[in-house]
Amino acid sequence: DVARITQGRIELRRAAVWIGPVHERAVEMMAPMIEERAHSLSLSLPSPSLYVEADATRLTQVFVNLLSNAAKFTDPEGRITVACTADGEHIRVRVSDSGIGIRADIIHGIFDLFIQGSPSTDRAWSGLGLGLTVAKVLVEMHRGSIEVRSEGLGRGSEFSVTLPILETREEPTEALEPIEPASPTKPLRILVVDDNVHAAETLGWLLSLSDHEVQISNTAAQALETSSSFRPEVVLLDIGLPGMDGYELANRLRREQSSDALFIALTAYGEVESPR
């Protein structure tokens, strides 16, 4: 989905949407992380008479990404604020936090792929810098703009989304389905081994969304070194590694370090039967 969005290969299901339920749904989806980190959240909704022409699901994705970014990089018991204002032609939504802020030397590239403005010291909440890129692309597909402001490290950050107001008072034509609470997930130590750097990082990012602790290795030698200290409970292992292939690496890991780990093979060969 990230690849399709960033490459512009998705179509928006546009409708007249009041942005209030979009905010509420995004907050509901992020509530477990916000509550776990004991953040205080302030939410200010716009007038019910103001609509935007939008894909409600994709617009929710924008604010989920911004709230996720705020929650990840704000210390426990910090503040997160979502405030919406209108000037007659545009709705502006500001998502601000009291978090660790963004360095001045990289703030202009913060929406680029795989850029992390403020790497977290807590790997459980770190990411790969994909969410902000996705948010920017989706906002621009809605004929809007997104900006970031931070006074530097330790001074928090603010992301501002501006969208054109739709001149209509019709009821929204697309309803938002209620969110079912996610099942609790036991965090696991997962080692991802793949020489395809982007594939490994993307898989690691997806696993981190479920609160797993993830380490990534791109070579067999790196995997052996990482495993000795990380002691993974699950190993996602590419079979077609250069040099020492996945079969040999799996045998060595089982024999030397991770005999109790669950090994899951990754392969692009697509054979009905394994050659071994």
Side-chain angles (χ1 to χ4, degrees), residues 1-7 9 29 32-33 36-37 61 64-65 68-69 71-73 112-116 118-134 180-276:
D1 196 42
V2 170
R4 291 173 60 238
I5 291 171
T6 55
Q7 295 170 13
R9 294 189 288 112
M29 294 174 69
M33 181 187 293
E36 180 174 346
R37 295 175 72 79
Q61 189 173 2
V64 165
N65 286 350
S68 173
N69 190 75
K72 286 177 182 177
F73 299 116
D112 295 340
L113 274 173
F114 303 113
I115 295 296
Q116 283 187 305
S118 306
S120 173
T121 56
D122 181 356
R123 287 188 59 86
W125 298 109
S126 64
L128 294 173
L130 295 173
L132 294 180
T133 304
V134 168
E180 293 294 332
S183 300
T185 302
K186 175 190 174 184
L188 298 170
R189 296 188 306 278
I190 301 178
L191 175 63
V192 177
V193 186
D194 196 332
D195 62 316
N196 184 320
V197 175
H198 287 169
E201 289 181 337
T202 302
L203 181 55
W205 171 69
L206 290 170
L207 292 167
S208 70
L209 292 180
S210 296
D211 298 342
H212 298 298
E213 185 179 358
V214 181
Q215 292 278 0
I216 295 172
S217 298
N218 300 124
T219 66
Q222 187 181 15
L224 288 168
E225 181 179 355
T226 300
S227 180
S228 64
S229 57
F230 185 54
R231 295 293 178 181
E233 298 168 277
V234 178
V235 180
L236 289 166
L237 180 57
D238 181 23
I239 297 300
L241 291 171
M244 184 189 305
D245 67 18
Y247 296 107
E248 183 179 353
L249 176 58
N251 286 331
R252 285 196 57 179
L253 287 172
R254 279 197 181 280
R255 184 173 62 251
E256 299 173 11
Q257 300 172 8
S258 305
S259 60
D260 296 330
L262 171 66
F263 283 74
I264 302 174
L266 302 175
T267 179
Y269 296 133
E271 299 288 344
V272 175
E273 295 181 1
S274 169
R276 300 188 188 182

Legend entry - Heavy-atom donor-acceptor pair, T202 side chain to H198 backbone, under 3.5 Å: yes

Legend entry - Test item: I190 and V235 side chains (from C-beta on) under 4.5 Å apart, heavy atoms: no

Legend entry - V193 and D238, any side-chain heavy atoms less than 4.5 Å apart: no

Inset, instruction - Mind running side-chain contact (heavy atoms from CB on, under 4.5 Å) on I264 and V234 for me, showing each step along the way? - result: CA-CA 8 Å; I264 302 174; V234 178; 4.0 Å; yes

Inset, instruction - For A71 and M33, work out which heavy atoms get closest and say how close. - result: CB-SD, 3.4 Å

Legend entry - G246 to L237 - nearest heavy-atom pair and separation: O-CD2, 3.2 Å

Legend entry - Sidechain N-carboxylate O distance under 4.0 Å for R189, E233: yes

Legend entry - Min side-chain heavy-atom separation E213-L188 under 4.5 Å: no

Inset, instruction - State the CZ-OG distance between R252 and S227, to the nearest 0.5 angstrom. - result: 11.0 Å

Legend entry - Whether T226 side chain and Q222 backbone form a donor-acceptor pair below 3.5 Å: yes

Inset, instruction - Apply side-chain contact (heavy atoms from CB on, under 4.5 Å) to L241 and T219, showing your working. - result: CA-CA 7 Å; L241 291 171; T219 66; over 6 Å; no

Legend entry - Minimum heavy-atom distance D194-N218, with the two atoms named: O-ND2, 2.8 Å

Inset, instruction - State, yes or no, whether a side-chain contact exists between L132 and N65 at a heavy-atom distance under 4.5 Å. - result: no

Legend entry - Over all atoms of both residues, closest heavy-atom pair of L191 and F230: N-CE2, 4.0 Å

Legend entry - E225, CD atom: more than 12 neighbouring heavy atoms under 6.0 Å: no

Inset, instruction - Ignoring hydrogens and angles, tell me if any N or O in the side chain of S208 forms a donor-acceptor pair with the backbone of W205 under 3.5 Å. - result: yes

Legend entry - Closest heavy-atom pair and its distance - L249, M244: CA-SD, 3.7 Å

Inset, instruction - For a side-chain contact (heavy atoms from CB on, under 4.5 Å) with V214, tell me which candidate from L206, V192, L236 qualifies. - result: V192

Legend entry - Closest heavy-atom pair and its distance - I216, E201: CD1-CA, 3.7 Å

Inset, instruction - Calculate, to the nearest 0.5 Å, the distance between atoms NZ and CG belonging to K72 and N69 respectively. - result: 7.0 Å

